2 protein chains.
Amino acid sequence: MEQKPSVTVDIVLFTLMGDDLKVLLVKRKYPPFKDSWAIPGGFVKIDEQLDEAAIRELKEETNVSNVYLEQLYTFGEPKRDPRGRVITICYVGLVHHENFKLKASTDASDVSWYSAYSLPKLAFDHKDIIEFALKRLRGKIGYSNIVLGLLPEEFTLSELQRAYEIILNKQLDKRNFRKKIFALEIIKEVAGKMKGKFRPAQVYRFVSKEIGTFKVEFRPNF
Amino acid sequence: MEQKPSVTVDIVLFTLMGDDLKVLLVKRKYPPFKDSWAIPGGFVKIDEQLDEAAIRELKEETNVSNVYLEQLYTFGEPKRDPRGRVITICYVGLVHHENFKLKASTDASDVSWYSAYSLPKLAFDHKDIIEFALKRLRGKIGYSNIVLGLLPEEFTLSELQRAYEIILNKQLDKRNFRKKIFALEIIKEVAGKMKGKFRPAQVYRFVSKEIGTFKVEFRPNF
DNA sequence: TCAAAAGTGTTGTGTGTACACCCATGT
DNA sequence: ACATGGGTGTACACACAACACTTTTGA
């Protein structure tokens, strides 16, 4: 029997904070790449579903739970890990930055959110992986309600639009944005206004709590 | 050190034959699923790129080479293989059904093309994998020149349209189809006419030999 | 001359895009 | 009263969808 590769899962977890798209990184406590930042992940157990492994690793390494996850791509370059052959099945995750407190595990000396638009030096091929994940997110935003993973249950149209703008890194026209979103019928008004310093805004929710693709294409070129 | 899963690659290879979309299957010579049909694939070697493994397995098991391949998805259900934990990284492949001769390897008692629209009973979770692959193909046909993997270098517009129709399983309007294809500027006329029994047809080629996505969306609802 | 596939335009409908002003509130 | 973000409509250009007849060839 020939030798087997090791198999890991790694997770690119996005969230929105302020006007920025953030990625969750952990600081490695042990070699290789000791003290470098990396995306969270770890070995798949022998009897564990791949997505369960991703959920478990996220929880263990960073204390983050309750996340939308989807499989991204499998990276298997023979030399991507100096310790030997490691094939990694990568996931994209989305959360509304919220209730949980980040907490570094025993494997990590630190955990933190970093801007997806200005990343530190990263371990392994993790930079490529994050770029791949960002492409996926940008792609799917155009034909699915995937943003719901990044927003709270209730939100205003301006918040929704800001989410699109941050992810696409592009300004959108307010009137056209609203017209399209309504035409897609993916959100609905709920009673109540969001109060801020200025005029209160109508509150909305997604019609569905599940992430799925539209029947109708939506490519915002506003 | 905990026990490691095994890692395989499997390939869903499509081709067009007559008016049908075909998938390449091999008949298993050994248990588990002895005498069932399955998609070609096998174990990844310890120092081998994933896509090289896919190319190698295709060649070894079926004698098919010179194929467009892209990674599809990784299936890792702990019980998907009765022998133990096997994680499989699946690929979609496209070929123009052409020069090579199918040839069963030592592991397979037979190799054959089957209609993607009426498959036999398949080993493991291979039915799910093929359905997944077909969805990918249908999706990508709308925003990439991926059909070029299924066609010869030179072809007529009717052949191109038939390829779309077979994959989408839907009739398209000839005039609208031509208008859109020309607008996309992905094919160019070449000198020469294709002669058949009837009126000869203009011959075309793809502008690019590489598969890539359009700048412009193309969703044929003709 | 007939059978079969190749080739060709127009019109109505809907969607994308550009663009500017008034409204409601808290300070 | 003013600063700030919330909220609204219209016109033009372009893409999509529906639709039928003529042309070219081999047999």
Side-chain angles (χ1 to χ4, degrees), chain A residues 16 18-19 138 141-143 151-152 154-166 168-205 213-222, chain B residues 16 18-19 141-144 151-152 154-166 168-205 213-222:
Chain A
L16 297 170
D19 283 340
R138 282 189 180 152
I141 213 180
Y143 60 88
L151 290 174
E154 304 200 331
F155 50 86
T156 67
L157 281 175
S158 300
E159 285 166 349
L160 182 61
Q161 183 176 342
R162 215 165 305 131
Y164 274 84
E165 288 176 334
I166 293 165
L168 297 172
N169 211 6
K170 180 190 210 175
Q171 297 233 145
L172 306 179
D173 179 89
K174 197 177 13 167
R175 281 170 293 188
N176 293 338
F177 180 79
R178 286 167 186 234
K179 214 184 306 171
K180 278 197 199 167
I181 289 290
F182 291 136
L184 290 170
E185 300 182 317
I186 54 168
I187 61 168
K188 60 183 179 202
E189 280 194 14
V190 299
K193 299 275 182 184
M194 200 72 91
K195 296 201 177 189
K197 281 189 195 163
F198 307 107
R199 176 173 176 178
Q202 179 60 52
V203 175
Y204 294 85
R205 268 172 201 270
T213 57
F214 305 151
K215 319 101 211 162
V216 170
E217 183 71 10
F218 173 43
R219 335 211 102 232
N221 308 334
F222 300 105
Chain B
L16 296 171
D19 283 340
I141 213 181
Y143 59 91
S144 78
L151 290 173
E154 304 199 332
F155 50 85
T156 66
L157 280 175
S158 301
E159 285 165 350
L160 182 61
Q161 183 177 340
R162 214 165 305 132
Y164 275 83
E165 289 176 334
I166 293 165
L168 297 172
N169 210 6
K170 180 190 209 177
Q171 299 234 144
L172 305 180
D173 179 89
K174 194 171 23 161
R175 282 170 292 186
N176 292 338
F177 180 80
R178 285 167 187 235
K179 214 183 306 170
K180 278 197 202 169
I181 289 290
F182 290 137
L184 290 170
E185 300 180 319
I186 56 168
I187 61 169
K188 60 184 177 199
E189 279 195 14
V190 299
K193 298 275 182 185
M194 201 73 89
K195 295 202 177 188
K197 281 188 195 162
F198 307 108
R199 177 173 175 177
Q202 179 60 53
V203 175
Y204 294 85
R205 266 172 202 270
T213 57
F214 306 151
K215 319 100 213 163
V216 170
E217 184 70 14
F218 173 42
R219 333 212 101 234
N221 309 333
F222 301 102

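Because the structure is predicted, anything quoted here is derived from the model rather than measured. Chain letters run A, B, ... following the sequence lines, proteins first and then strands; every chain starts at 1.
Distance, Gln171(A) CD to dT17(C) P: 16 Å, rounded to whole Å. The distance from atom CZ of Phe198(B) to atom C1' of dG7(C) is 16 Å, rounded to the nearest whole Å. At whole-Å resolution of the value, CG in Asn176(A) and C1' in dG7(D) are 14 Å apart. Note: OH (Tyr204(A)) to P (dG6(D)) measures 11 Å, nearest angstrom.
Comparing Gly196(A) and Glu159(B) by the nucleotide of DNA chain C whose heavy atom lies nearest to each, the residue mapping closer to the 5' end is Glu159(B). Toward the 5' end of DNA chain D, the nearer of the two residues Pro200(B) and Arg162(A), judged by each one's closest nucleotide, is Arg162(A).
In this structure, Lys179(A) reaches the bases: a heavy-atom distance under 4.0 Å links it to at least one base atom across the strands shown.
Applying the 3.5 Å distance criterion, the base of dA20(D) shares a donor-acceptor pair with the side chain of Arg175(B). One can find a donor-acceptor pair under 3.5 Å joining the base of dG7(D) and the side-chain atoms of Lys174(A). The base of dA5(C) does not come close enough to the side chain of Arg199(B) for any donor and acceptor atom to sit less than 3.5 Å apart. The base of dG5(D) lies outside donor-acceptor range of the side chain of Lys197(A), with no N or O pair under 3.5 Å.
Taking 4.0 angstrom as the limit, Ser158(B) places none of its side-chain polar atoms (N or O) nearer than this to OP1 or OP2 of dA5(C). Between Arg178(B) and the phosphate of dG7(C), there is a side-chain N or O to OP1/OP2 separation shorter than 4.0 Å. Close to dT17(C), at under 4.0 Å from its OP1 or OP2, lies a side-chain N or O of Lys180(A).
The shortest distance between side-chain heavy atoms of Leu157(A) and Gln202(A) does not fall below 4.5 Å. Annotation: side chain of Arg178(B) is not in contact with side chain of Ile181(B) (no heavy-atom distance under 4.5 Å). Residues Leu160(B) and Tyr204(B) form no side-chain contact, since every pair of their non-hydrogen atoms from C-beta on lies 4.5 Å or further apart.
At a non-hydrogen distance threshold of 4.0 Å, nothing from residues 187-194 of chain B comes into contact with DNA chain D.
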